[in-house]
Structures are given as C-alpha cells and as structure tokens.
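Note that the numbering runs from 1 along the sequence shown for the chain.
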Amino acid sequence: MSEQKCFVFRQENCVGCEACTVACQAGNDVNEFVTLRDISQGEKINSEGREVSVFLSQSCHHCESPVCVEKCPQGAMIQRDDGIVYIDESTCIGCGVCHYACPYDAPKIDPSRGVLTKCDMCKDRLDLGEKPFCVTGCPVQVLDVMDLSDALALPGASMSGDGHQDLGTAPSTVFIKLRG
C-alpha cells in the first residue's frame, strides 16, 4: 500500500468563512444543496481563560478503516492504495447504506442525480500534482493534503481536534495545534 494521504487542518487559524466549502462545490460542480466539506462552530476556553470560537472544517476523513467501504452492498465505495476513499458512481445505486454507516456523515445523497457523492480528496487533481479545491480555495491556508507520516511530523500535529474524535474508523485528518 502507498503512504496514507490525509488532510491537515490548522484549526486555530480557521475563521469559519466557508471558502473551502464553496471552492469544493464550484470546482467539483456539486449540487448547490450538497456540501462535501462542512464547517461547524464551537466554543472553548483559551489559555488566558477567555471563551473563544473554534471552527471545524470537515469532509470525508479518508479513514484507514472506512466502514462505508465495508458496508456498501454494491462495492461502489472504493479505497485506493493511498487511502483515498471514493465512490464509483457508475456502480452506485443510491441506496444510502454508506451514508448511514459513516459516523462522520461524509457520503451525501445527491437528490438531483440519485446517487451518493462525497469528498474524494480531488484525487484526479492530486494525481496531476495539484492540490484539492478546498485547499487552494482557503484564503488563510488552514488546509493541506500530504502523506500521513509527514503530517504527523509537523510541530503541533495531533490526530484529534476541538469538536472531532475518532469514532472507530481511524480517520486520516491531522490537526495542527500550536497553542492551548
């Protein structure tokens, strides 16, 4: 197997602008009512004792043990050698089993096409040496994609972020946290 690809998210710098979501929708020509990268907001107490907003930008985590691949009755959910999980839309029958199996709500039902869709880490762009649309669309550069071992070697790297946890699938998102 190739090195596991992962998203890197610098959570403390995210301003919640949703530019990554819009860039993904526009770049991938996704139905305007379907988001493959979602932003949520929470609160936490910082090291000075003040309550501050924190944002979580999430898409498919391209888990090392993807339950969506395991549960898909058609074999339409596929995991590449580099860990990227994608949907073969020519095989998908739109049953939604992967949607309900995923603990992160990553596969989304596209009602206009009658199939499931999800972040595929812009695999075709990565194969050409380009970054995913969400990465290039972020104005404050909080997102990146790299090999998991390289990401975990970055200062402040962690497999957990504020508002995110491993729900038993070994999600491949690395959070960079340099402050408390």
Side-chain angles (χ1 to χ4, degrees), residues 3-28 30-68 83-86 98-109 117-123 125-126 131-180:
E3 176 73 32
Q4 174 80 33
K5 294 288 183 200
C6 72
F7 278 111
V8 176
F9 177 52
R10 290 167 180 81
Q11 187 169 25
E12 65 191 5
N13 296 335
C14 182
V15 296
C17 69
E18 299 189 35
C20 55
T21 300
V22 174
C24 172
Q25 285 177 306
N28 289 301
V30 176
N31 178 322
E32 67 180 311
F33 300 107
V34 177
T35 57
L36 304 184
R37 178 166 284 281
D38 297 309
I39 308 299
S40 59
Q41 180 178 353
E43 306 295 325
K44 79 171 203 170
I45 305 298
N46 69 9
S47 58
E48 289 97 36
R50 293 188 349 218
E51 186 173 88
V52 294
S53 294
V54 292
F55 299 95
L56 183 61
S57 173
Q58 292 191 101
S59 66
C60 175
H61 293 287
H62 302 278
C63 301
E64 291 183 52
S65 301
V67 69
C68 59
I84 295 173
V85 177
Y86 69 98
C98 61
H99 170 76
Y100 296 108
C102 175
Y104 302 105
D105 193 32
K108 308 287 174 105
I109 298 169
T117 188
K118 63 175 279 309
C119 165
D120 65 4
M121 206 178 273
C122 292
K123 62 182 175 45
R125 289 177 59 86
L126 286 175
K131 297 286 186 173
F133 290 114
C134 62
V135 172
T136 60
C138 178
V140 290
Q141 302 175 344
V142 301
L143 289 170
D144 203 355
V145 169
M146 62 180 61
D147 290 341
L148 183 60
S149 62
D150 293 338
L152 289 172
L154 295 171
S158 171
M159 293 302 288
S160 64
D162 293 317
H164 171 79
Q165 60 183 344
D166 181 348
L167 299 174
T169 60
S172 296
T173 297
V174 172
F175 297 84
I176 305 297
K177 295 170 64 175
L178 299 176
R179 296 179 283 226

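- Taking both residues in full, the closest heavy atoms of Cys24 and Leu36 are given as SG-CB, 3.8 Å, listed atom of the first, atom of the second, then distance.
- Inter-residue side-chain proximity for Tyr104 and Cys63 is flagged as met; some heavy-atom pair is nearer than 4.5 Å.
- For the residue pair His61/Ser172, the side-chain donor-acceptor check at 3.5 Å is not satisfied.
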side-chain hydrogen bond (donor to acceptor under 3.5 Å, both in side chains) between Glu3 and Ser149: does it pass, once the steps are laid out?
CA-CA 8 Å; Glu3 176 73 32; Ser149 62; 3.2 Å; yes

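- Asp150 contributes no side-chain N or O that, together with a main-chain N or O of Met146, makes up a donor-acceptor pair within less than 3.5 Å.
- Of the possible polar contacts, none joining the Gln11 side chain to the Lys177 backbone as a donor-acceptor pair under 3.5 Å is found.
- Taking the side chain as every heavy atom from C-beta outward, Leu154 and Val174 never approach each other to under 4.5 Å.
- A heavy-atom distance below 4.5 Å is found between the side chains of Phe9 and Cys14.
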Asp105 and His99: side-chain contact (heavy atoms from CB on, under 4.5 Å), yes or no, with the steps?
CA-CA 6 Å; Asp105 193 32; His99 170 76; 3.0 Å; yes

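- Nearest heavy-atom pair, Asn28 versus Cys122, reported as atom, atom and distance to 0.1 Å: ND2-SG, 3.9 Å.
- Taking 4.5 Å as the limit, some side-chain heavy atom of Val52 sits within range of a side-chain heavy atom of Lys44.
- Side-chain contact annotation: Glu43 with Ser53, donor-acceptor N/O pair under 3.5 Å present.
- Residues Arg10 and Leu143 have side chains not in contact (no heavy-atom distance under 4.5 Å, counting atoms from C-beta outward).
- For the atom pair CG of Asn13 and CD of Gln141, the computed distance is 10.0 Å after rounding to the nearest 0.5 Å.
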Evaluate side-chain contact (heavy atoms from CB on, under 4.5 Å) for Cys119 paired with Arg37, printing each intermediate quantity in order.
CA-CA 7 Å; Cys119 165; Arg37 178 166 284 281; 5.5 Å; no

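- Nearest approach of Ala101 to Val67, heavy atoms of both residues: O-CG1, 3.2 Å.
- Panel note: side chain Gln25, backbone Val34; a donor-acceptor pair is recorded below 3.5 Å.
- In this structure, Arg125 satisfies the cation-pi test against Phe133, with its NZ or CZ atom closer than 6.0 Å to the six-membered ring centre and inside 45 degrees of the ring normal.
- One finds a salt bridge joining Asp38 and Lys108 here, because a Lys/Arg side-chain nitrogen approaches an Asp/Glu carboxylate oxygen to under 4.0 Å.
- Between Phe7 and Cys134, the closest side-chain pair of non-hydrogen atoms falls below 4.5 Å.
- In this structure, CZ on Phe175 lies 5.5 Å from CG on Leu56, to the nearest 0.5 angstrom.
- Nearest heavy atom pair, residue Gly16 against residue Ile39, reads CA-CG2, 4.0 Å.
- The two residues Gly137 and Ala19 make their nearest non-hydrogen contact at O-CB, 3.5 Å.
- Side-chain contact check for Val8 versus Ile176: some heavy-atom pair is nearer than 4.5 Å.
- Contact detail for Asn31 and Phe33: the closest heavy-atom pair is OD1-N, 2.7 Å.
- Annotation: salt bridge (Lys or Arg N to Asp or Glu O under 4.0 Å) contacts of Asp120 (sequence neighbours excluded): none.
- In this structure, Met121 CE and Ile84 CD1 are separated by 5.5 Å, a value rounded to the nearest 0.5 Å.
- Figure legend: Lys118 and Tyr86 shown without cation-pi pairing, the cationic atom not lying both under 6.0 angstrom from the six-membered ring centre and within 45 degrees of its axis.
- Among residue pairs with one or both ends in residues 50-65, none qualify as salt bridge (charged side-chain N to carboxylate O under 4.0 Å, His left out); sequence neighbours excluded.
- Using a 4.5 Å heavy-atom threshold, the side chains of His62 and Val145 count as separate.
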